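Inspection log for the structure reproduced underneath, given as structure tokens.
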Amino acid sequence: MPKMKIDGKEIEVPAGITVLQACELAGVEIPRFCYHERLSIAGNCRMCLVEQEKAPKPIASCAMPVMEGMMIKTDTEVVRKARHGVMEFLLINHPLDCPICDQGGECDLQDQAMGYGRGGSRFDENKRAVPDKDLGPLVKTSMNRCIQCTRCIRFATEVAGVEELGATGRGEQMEITTYVRKTLSSELSGNIVDLCPVGALTSKPYEFNARPWELRKTESIDTMDALGSNIRIDTRGSEVMRVLPRINEDINEEWISDKTRHAIDGLKRQRLDRPYVRRDGKLRPASWDEAFSAIRERVAAVRGERIAAVVGDQCDAEAMVALKDLLNGLGSSRVECRQDGAALDASVRGAYLFNAGVAGIDTADVILLVGSNPRIEAPVLNARIRRRYLTGRARIAVIGADEGDLTYPVARLGTGAAALAELAAGQGTFAGVLKGAKNPMIVVGQGALRRPDGAAVLAKARALAEACGAVRADWNGFCVLHTVAGRVGGLDLGLTTTGGIDGILADASSGKLDVVYLLAADEIDTSRLGKAFVIYQGHHGDAGAHRADVVLPGAAYTEKPGTYVNTEGRVQLANRATHPPGEAKEDWTILRALSGVLGKALPFDDLDQVRERLVRANPVFAAVDVQSPGAWGAFGVDGALTDKPFASPVGNFYMTCPVSRASATMAACTAARQAVPSMAAE
């Protein structure tokens, strides 16, 4: 490790890092605009200039690698003068928009002008004018403010893998623009707003809505997919104003998807804010007592085996365990969390986890995607796969229908189960590639499991993983990629039934079930519920509420503390950012109150007691924010495989749940995607 001096202090630093990084290790702040830790070095803002002994002029610290014996000075008259000059040049054309700029209060240019600027300008020339660009429904442009740091270009190209931004012109005529005047088609485009150090790129849905000092900030967990991205929810009063990413190196680093960021306006629309009871064929407003009485009257005379429940995709573990205990108290064990009918085996935890962990992608050298399109199922995870490809040390193959560009090149081995069976039998060139890999990873998507032959596909995937050495003591590369936030928690609690969701719907349709409890379950075919008495508990007036006989208003993910388990089996805690609207309540409290009315009172009265119950139900809930592979064993069922191609279960990335379906912003994104042929093809 080379030794160097920074401001007279000797420090030993890792080889290969830059002078800027070395200064940070020494506790010295270096201003920058173009430099970002997760992007390639551009070296074009020159704000990070420092003085190097024996160098003829100040050096750009972001682009200069450290060397043995370097002597760096960061606070000399030469450095101060250089930074004053750079800042003066940057502000030549910058408009005085601070009072109306959405970046105000969070602007790097404001902060660094205060810290490193001269306090005045010697330039009298007119400021240049640059036309704004249309980047779609999510990103608003004010290109007069752009300082050409190129962070947005590098993010789109390197991280998102969608090369749609670039620079045209030179000198004063340089502009950041799209190549063919099309809107951005990346599912990660909102991250360029976070990256922009000025107000050139801001959030279009958030435009002129609030200032950062007005907002209350709550750390929480995203539920728009199964990745469990760490987020910060900013609220003003009872309204969620915006969602921003939190850094978690093991999960989402510092990125979030556009749906995570912008679907929040759906929290204000089509909300259930009071109970309803169906009378004379129509749902009519009711009090909580009236709703509970209607349920008691119907359930009291029903035997336990004629009651079933379906758990929705965004349910927290507290609500799920409360529902399970309530049905058990009523004499029923039919609680199902697999709304889509996926053939997931809850008896073996390793059968349904992304066992290698999201961070395990960084060490995989061969990745096989089976029935999965991670670009629309988990965009942030897909960006991590792309980064692994860019290192040049990972080969990627796909078995499934060709559903567009994944942002990295792949070898397509086939479209369906036949190709998987060949690999499991050791046939084909890629079988040898898997066997020769040091850390092979097999990613099984829900598109391969939510089919009639899903259990047989799961068995073949397990056989392949064991045959190619993907499962061993120091590495488990068998990875199931889920698409919904509540699924792994439901499987950890054992919320599966013989026959699955099809069995419940068939029994309801044939009259074998008298009562069906839908806990925020909106993705099932409600027309198959027959004449069953349907209780719907949820937060939006979606499909389940339309079919219900009694509606109980619950809380959305931003309105309650909750426990979620992500696709890799990591238990995470979400926090309440605001309260539910109207008379809506937290889900577990509704179930606790209902259990008392039904004479089957649940043995917990506060959140801590519910979480103790979770730990008793499954000890994995005691280890918060810990990821480890699940126990391995035999799972799947050998059987006939069909020729039907594997297809992703996510048809429209922007609308996958009641919240996103109620979002006007997501509707605008859907319309924009469909309006451009090249984007629709992707």
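Everything quoted here is computed from the prediction, not taken from an experiment.
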Ignoring hydrogens and geometry, is there a side-chain-to-backbone donor-acceptor pair from [X] to [Y] under 3.5 Å?
| X | Y | result |
| --- | --- | --- |
| Arg246 | Ser220 | yes |
| Glu403 | Ala647 | no |
| Glu187 | Pro379 | no |
| Asp258 | Ser189 | yes |
| Arg338 | Thr497 | yes |
| Asp453 | Ala456 | no |
| Thr567 | Val480 | yes |
| Arg388 | Ala394 | no |
| Thr670 | Met666 | yes |
| Arg154 | Thr150 | yes |

Find out whether [X] and [Y] are in side-chain contact, i.e. whether some heavy atom of one side chain is under 4.5 Å from a heavy atom of the other.
| X | Y | value |
| --- | --- | --- |
| Gln314 | Tyr564 | no |
| Asp507 | Arg334 | yes |
| Pro374 | Val443 | no |
| His36 | Phe155 | no |
| Pro2 | Val13 | yes |
| Thr223 | Cys657 | no |
| Val162 | Arg375 | yes |
| Thr563 | Leu614 | yes |

Distance in Å, [X] [atom1] paired with [Y] [atom2], rounded so as to fall on 0.5 Å steps:
| X | Y | atom1 | atom2 | answer |
| --- | --- | --- | --- | --- |
| Met441 | Asn355 | CE | CG | 9.5 Å |
| Asp340 | Asp313 | CG | CG | 7.0 Å |
| Leu420 | Ile399 | CG | CD1 | 5.0 Å |
| Arg151 | Leu165 | CZ | CG | 15.0 Å |
| Glu253 | Ile251 | CD | CD1 | 11.0 Å |
| Arg613 | Leu493 | CZ | CG | 8.0 Å |

query: How far apart are the C-alpha atoms of Phe354 and Ile361, what are their side-chain angles, what is the distance that settles it, and do they pass the side-chain contact (heavy atoms from CB on, under 4.5 Å) test?
result: CA-CA 10 Å; Phe354 202 98; Ile361 294 171; 4.2 Å; yes

Counting only heavy atoms not in Lys460, do more than 12 sit closer than 6.0 Å to its NZ atom? no

### Message
Within a 6.0 Å radius of atom CZ on Phe635, are there more than 12 heavy atoms belonging to other residues, nucleotides or ligands?
### Response
yes

Checking side-chain polar atoms at under 3.5 Å, does [X] have a donor or acceptor matched by the opposite partner on [Y]?
| X | Y | result |
| --- | --- | --- |
| Arg472 | Asn439 | yes |
| Gln572 | Asn230 | yes |
| Asn191 | Arg261 | yes |
| Asn382 | Tyr408 | yes |
| Thr260 | Ser257 | yes |
| Glu377 | Ser372 | yes |

Would you call Glu254-Arg232 a salt bridge at under 4.0 Å N-O? no

Taking all atoms of both residues into account, what is the closest heavy-atom pair of [X] and [Y], and its distance?
| X | Y | result |
| --- | --- | --- |
| Gln339 | Ile524 | OE1-CG2, 3.6 Å |
| Ala508 | Val516 | CB-CG2, 4.3 Å |
| Ser186 | Tyr654 | O-OH, 4.3 Å |
| Ala419 | Leu413 | CB-O, 3.7 Å |

In Leu327, Asn328, Ile504, Leu519, the residue satisfying side-chain contact (heavy atoms from CB on, under 4.5 Å) with Val335 is Leu327

Residues at least two apart in sequence or cross-chain that pass side-chain hydrogen bond (donor to acceptor under 3.5 Å, both in side chains) with Ser332, listed by chain then number, are none

Do the numbers put Arg487 on top of the ring of Tyr352, so that NZ or CZ is under 6.0 Å from the six-membered ring centre and no more than 45° off the axis?
-> no

Go through the steps to decide whether Gln21 and Tyr35 satisfy the test side-chain contact (heavy atoms from CB on, under 4.5 Å), and finish with yes or no. CA-CA 11 Å; Gln21 292 170 314; Tyr35 175 80; 3.2 Å; yes

* To do: Start with the C-alpha distance between Val159 and Arg38, add both sets of side-chain angles, then the distance that settles side-chain contact (heavy atoms from CB on, under 4.5 Å), and finish with yes or no.
  => CA-CA 9 Å; Val159 179; Arg38 302 186 195 278; 5.6 Å; no

Between Leu381 and Glu568, does the side-chain contact (heavy atoms from CB on, under 4.5 Å) criterion hold? Intermediate values first, please.
CA-CA 11 Å; Leu381 181 141; Glu568 59 180 0; over 6 Å; no

Sorted by chain and number, sequence neighbours left out, side chain to side chain contact (heavy atoms under 4.5 Å, CB included) with Pro14 holds for Met1, Ile17, Leu25

Which of Asp542, Thr656, Asp522 passes side-chain hydrogen bond (donor to acceptor under 3.5 Å, both in side chains) with Arg661? Answer is Asp542

